[in-house]
Amino acid sequence: MNFDHETRAMLRSVLVEAWGGFAANRFPTPRRADAKTLIDRLDQDSKLLLSPDDETLFKEALTFALKELGPEEFQTITGYDFGFGESVLAKLR
């Protein structure tokens, strides 16, 4: 699956939150390493096509960030509206 620029940027933000944010210790440890790897891959290739496993990690990280941060903090930490995050998550399901 390929995402537009705005969705990819939010993807990176929620991955950063899952990997090293204030609540990262509640994100499953093995997946934190996967999040860091995907962040690095996204930084190296702006046209990176995401695999099904990458998409699953995105869903997990986005679900985590929405739940852990809530509407106000999600906007503050990621720079994206909570509703946008919810709508992207709904499309991924």
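No hydrogens, no waters, no symmetry mates; every other heavy atom, side chains included, goes into these values.
Remark: R41 does not engage D45 in a salt bridge, criterion side-chain N to carboxylate O under 4.0 Å.
Here the closest non-hydrogen pair linking A24 and A18 is CB-O, 3.4 Å. Between P71 and F82, the shortest heavy-atom distance links the atoms CA-CD1, 3.3 Å.
Residues I77 and E17 meet the side-chain proximity criterion, which asks for heavy atoms closer than 4.5 Å. Side chains of R32 and N25 form a contact here, defined as non-hydrogen atoms less than 4.5 Å apart. No side-chain heavy atom of L38 sits under 4.5 Å from any side-chain heavy atom of R12. A heavy-atom distance below 4.5 Å is found between the side chains of I39 and D43. Between L50 and L11, some side-chain heavy-atom pair lies under the 4.5 Å cut-off. In this structure the side chain of L15 reaches within 4.5 angstrom of the side chain of L42, judged on heavy atoms.
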> Given R8 and D4, is the salt bridge (Lys or Arg N to Asp or Glu O under 4.0 Å) satisfied, shown in steps?
Replying inline: CA-CA 6 Å; R8 288 175 67 89; D4 62 44; over 6 Å; no

> Would K59 and V14 satisfy side-chain contact (heavy atoms from CB on, under 4.5 Å), going step by step from the backbone distance to the final call?
Replying inline: CA-CA 10 Å; K59 279 192 279 192; V14 298; over 6 Å; no

>> Checking M10 against L62 for the side-chain contact (heavy atoms from CB on, under 4.5 Å) test, could you report, in this order, the C-alpha distance in whole Å, the side-chain angles of both residues, the deciding distance, and whether it holds?
In response: CA-CA 9 Å; M10 186 188 60; L62 182 52; 4.2 Å; yes

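Here K91 contributes atom NZ and L89 contributes atom CG; the two are 11.5 Å apart, rounded to the nearest 0.5 Å.
Neither side chain, T37 nor D34, offers a donor N or O lying under 3.5 Å from an acceptor on the other.
Residue pairs meeting the ring pair (Phe, Tyr, Trp, His ring centres under 6.0 Å) criterion with at least one partner in residues 12-60, sequence neighbours excluded, are F3-F58, F27-F64.
A donor-acceptor pair is defined here as one N or O able to donate and one able to accept, closer than 3.5 Å; such a pair exists between the side chain of Q75 and the backbone of D81. For S87 (side chain) and F84 (main-chain N/O), a donor-acceptor pair under 3.5 Å exists by modelled atom type.
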